[in-house]
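For this chain, numbers begin at 1 and follow the sequence in order.
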Amino acid sequence: MKKYLTWIAIAFLIFFVAYRPSAAANLVKSIGSVLLDMANGVGDFFNGLVS
């Protein structure tokens, strides 16, 4: 079952990038922004512990 879901997700990703490239780019940009904000938050937390 997991194997089929993985292939479905990959097919959807290829379809999404092929037919909606600007939306796919915005999605990746948003995910990158969220990950960067999370990393900055963790860094601020550890700086607060050390200070």
Side-chain angles (χ1 to χ4, degrees):
M1 183 70 176
K2 184 179 177 183
K3 187 176 185 178
Y4 294 118
L5 291 176
T6 301
W7 281 110
I8 290 171
I10 291 171
F12 178 74
L13 180 64
I14 291 170
F15 176 81
F16 191 58
V17 170
Y19 288 100
R20 306 274 305 207
S22 61
N26 287 335
L27 179 66
V28 171
K29 191 184 293 185
S30 296
I31 291 171
S33 176
V34 167
L35 292 175
L36 183 62
D37 289 342
M38 289 171 59
N40 285 334
V42 170
D44 291 342
F45 172 74
F46 283 113
N47 279 337
L49 286 177
V50 174
S51 298

Q. Would you find a donor on one side and an acceptor on the other, under 3.5 Å apart, between the side chain of S30 and the backbone of N26?
A. yes

Q) Which heavy atom of A24 sits nearest a heavy atom of F16, and at what distance? A)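 That would be CA-CE2, 3.4 Å.
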
Q: Taking side-chain contact (heavy atoms from CB on, under 4.5 Å) as the test, write out the residues that go with F46, two or more places apart.
A: V42, L49

Q) Rest of the hydrophobic cluster containing F15 (Ile/Leu/Val/Met/Phe/Trp/Tyr, side-chain heavy atoms under 4.5 Å)? A) Y19

Q | Gap between atom CE of M1 and atom OG1 of T6 - 0.5 Å precision | A | 10.5 Å

Q. Does L27 belong to the same Ile/Leu/Val/Met/Phe/Trp/Tyr cluster as I14, with side-chain heavy atoms less than 4.5 Å apart forming each link?
A.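 The answer is no; the residues belong to distinct hydrophobic clusters.
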
